[in-house]
Visitor: 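Here's a structure for you.
Note that ligands are numbered from 1 as they come in the structure, with each ligand's atoms numbered from 1 the same way. A quick note: this is a predicted structure, and the numbers were derived from the prediction, not measured. Hydrogens, waters and symmetry mates are skipped; everything else that's a heavy atom, side chains included, is used. For the single chain, residues carry numbers from 1 onward in sequence order.
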Amino acid sequence: MTRDLMFQDEIKQLVADAYHDLDEPDGPGSVFYDDTQLARIPPSARSWMLGVGNPVPHARLRPGEHVADLGCGAGADALLAAAEVGDTGHVVGVDLLPSMVERARWFAAEAGHDNVEFVTGEMESLPIPDASVDVVVNNGSVNLCARKSRVLAEAFRILRPGGRMAVADLTIHEEELPAEVVTHPSAWAG
Ligand SMILES: C[S@@+](CC[C@H](N)C(=O)[O-])C[C@H]1O[C@@H](n2cnc3c(N)ncnc32)[C@H](O)[C@@H]1O
C-alpha cells in the first residue's frame with residue numbers, strides 16, 4: 001500500500017528543483033545505448049542522457065509514425081525516434097521544465113531534425129490531443145510522478161487505437177517503505 005505522507009504539489013516541486021538544479025551531468029543514461037544509437041545523438045546532448053534504460057528499440061518504430069516522449073528531458077530518445085520515423089513521421093517531447101525543453105530544442109537543431117518538437121507540460125495532463133500518436137515512449141520519468149496512474153491514463157488517451165507504449169523505468173517491490181524513505185527528496189527525484 002502506498003503511504004501518502006506528502007502532498008502531490010510538494011513532490012512535484014522537489015522533482016522540478018532537482019532537475020532544474022542539475023549542473024553538467026555526465027550522461028549516466030548513455031550506458032544503455034550502443035554506438036550506432038549514440039552516433040545519432042549530438043555529443044553535447046549525450047551528457048544530458050538521464051534515463052534508466054533504452055526504450056526506443058522496443059517501440060519498433062516505423063517510418064511515418066507519430067511518437068510522444070513523456071518526460072523527455074534533453075530529448076535523446078526523441079531524437080532517436082525522429083531518426084526512425086523520418087520526414088513523414090513526427091515526434092513530440094514533453095517535459096515539466098522549460099529549461100529542459102529549451103535544451104532539447106537546441107540539441108534537435110544541432111542534430112538537424114525538423115520532425116521533432118518539444119513542449120513544456122506535465123505527464124499527468126499532456127498538451128497533446130486525444131488519439132493522435134501511434135507510440136508513447138518514456139525513459140525514467142513515470143517514477144517521478146506522484147500520480148502514476150494518471151500518467152498511464154493520459155498515455156492511453158493520446159494513443160490511437162492499436163497504439164504502443166515502450167517504458168523504461170524503476171519500480172519497487174516492497175509493499176511498505178520506511179517513512180524516512182517515502183518522504184526523502186532523493187527517493188522521489190533520484
Ligand atoms: C530522469 S529524467 C529523464 C529524462 C529523459 N527521459 C532521458 O532519458 O534523459 C526525468 C525527466 O522527467 C521530467 N519530469 C519529472 N516530472 C515530470 C512531470 N510530472 N511531467 C513531465 N515531465 C516531468 C524531469 O524534468 C526530467 O527532465
Visitor: Could you tell me the residue and atom name of the protein heavy atom closest to atom 12 (O) of ligand 1, and the distance to it rounded to 0.1 Å?
Guide: Ser141 OG, 3.5 Å

Visitor: Closer than 4.0 angstrom, basic N to acidic O: yes or no for Glu122 and Lys12?
Guide: yes

Visitor: Considering only the protein, which heavy-atom contact is closest to atom 19 (N) of ligand 1, and what is its distance?
Guide: Glu124 OE1, 3.0 Å

Visitor: Donor-acceptor pair, Glu10 side chain versus Phe7 backbone, under 3.5 Å?
Guide: yes

Visitor: Using heavy atoms and a threshold below 4.0 Å, how should the contact between Leu50 and ligand 1 be classified: side chain, backbone, both, or neither?
Guide: both

Visitor: Asn115 vs Asp87, test: side chain to side chain donor-acceptor pair (under 3.5 Å). Steps then yes/no.
Guide: CA-CA 6 Å; Asn115 60 346; Asp87 291 342; 5.0 Å; no

Visitor: Considering the heavy atoms of Met49, write down every atom of ligand 1 situated less than 4.0 Å from one of them.
Guide: 9 (O)

Visitor: Can you tell me the protein heavy atom closest to atom 3 (C) of ligand 1 and the distance?
Guide: Asn139 O, 3.4 Å

Visitor: Could you work out, for atom 4 (C) of ligand 1, the closest of Pro55, Ala16, Gly71 by heavy-atom distance?
Guide: Gly71

Visitor: Met49 pairs by side chain to side chain contact (heavy atoms under 4.5 Å, CB included) with which of Asn139, Asn54, Asp26, Leu38?
Guide: Leu38

Visitor: Of the choices Asp95, Asn143, Leu126, Leu70, which has the non-hydrogen atom that lies closest to atom 11 (C) of ligand 1?
Guide: Asp95

Visitor: Considering heavy atoms of the protein only, find what lies nearest to atom 7 (C) of ligand 1 and give residue, atom and distance to 0.1 Å.
Guide: Gly51 N, 3.6 Å

Visitor: Numbering the atoms of ligand 1 from 1, which are under 4.0 Å from a heavy atom of Asp77?
Guide: 8 (O)

Visitor: Near Gly121, which atoms of ligand 1 are under 4.0 Å from a heavy atom of that residue?
Guide: 20 (N), 21 (C)

Visitor: Could you tell me if Asp9 and Gln13 have a donor-acceptor pair between their side chains, going purely by distance under 3.5 Å?
Guide: no

Visitor: Students should be able to answer this: which protein heavy-atom is nearest to atom 22 (N) of ligand 1, and at what distance?
Guide: Leu96 N, 3.1 Å

Visitor: Gly29 near ligand 1, heavy-atom distance under 4.0 Å?
Guide: no

Visitor: Can you name the atoms of ligand 1, numbered from 1 with element, that are less than 4.0 Å from a heavy atom of Trp48?
Guide: 9 (O)

Visitor: If you define the side chain from C-beta out and look only at heavy atoms, does anything of Val133 sit under 4.5 Å from Val67?
Guide: no

Visitor: Between Asp130 and Ile158, is there a donor-acceptor pair closer than 3.5 Å when you use the side chain of the first and the backbone of the second?
Guide: no

Visitor: Considering only protein heavy atoms, which is closest to atom 20 (N) of ligand 1, and at what distance to one decimal place?
Guide: Met123 N, 2.9 Å

Visitor: Within ligand 1, which atoms have a heavy atom of Leu97 less than 4.0 Å away?
Guide: 25 (O)

Visitor: Can a donor-acceptor pair be found, under 3.5 Å and without considering hydrogens, that links the side chain of Arg157 to the backbone of Leu126?
Guide: yes

Visitor: Compare all side-chain heavy atoms of His66 with those of Val92 and state whether any distance is below 4.5 angstrom.
Guide: no

Visitor: Quick test of your reading of the model: are Arg105 and Glu102 salt-bridged, counting only N-O distances below 4.0 Å?
Guide: no

Visitor: Do Glu65 and Arg60 meet the salt-bridge criterion of a basic N to acidic O distance under 4.0 Å?
Guide: no

Visitor: Are side-chain heavy atoms of Leu96 and Thr120 found at a separation under 4.5 Å?
Guide: no

Visitor: Which ligand 1 atoms does Cys145 reach within 4.0 Å, using its non-hydrogen atoms?
Guide: 19 (N)

Visitor: Could you identify the single nearest non-hydrogen protein atom to atom 2 (S) of ligand 1 and state the distance to 0.1 Å?
Guide: Tyr19 CE2, 3.7 Å

Visitor: Tell me which part of Ala74 gets within contact of ligand 1: side chain, backbone, both or neither, using heavy atoms under 4.0 Å.
Guide: neither

Visitor: Taking atom types as modelled and ignoring hydrogens, do the side chains of Glu110 and Ser44 form a donor-acceptor contact shorter than 3.5 angstrom?
Guide: yes

Visitor: Could you list which atoms of ligand 1 come closer than 4.0 Å to a heavy atom of Met100?
Guide: 27 (O)

Visitor: Please list, in number order, the atoms of ligand 1 under 4.0 Å from a heavy atom of Gly73.
Guide: 4 (C), 5 (C), 27 (O)

Visitor: Can you tell me the protein heavy atom closest to atom 10 (C) of ligand 1 and the distance?
Guide: Leu144 CD1, 3.4 Å

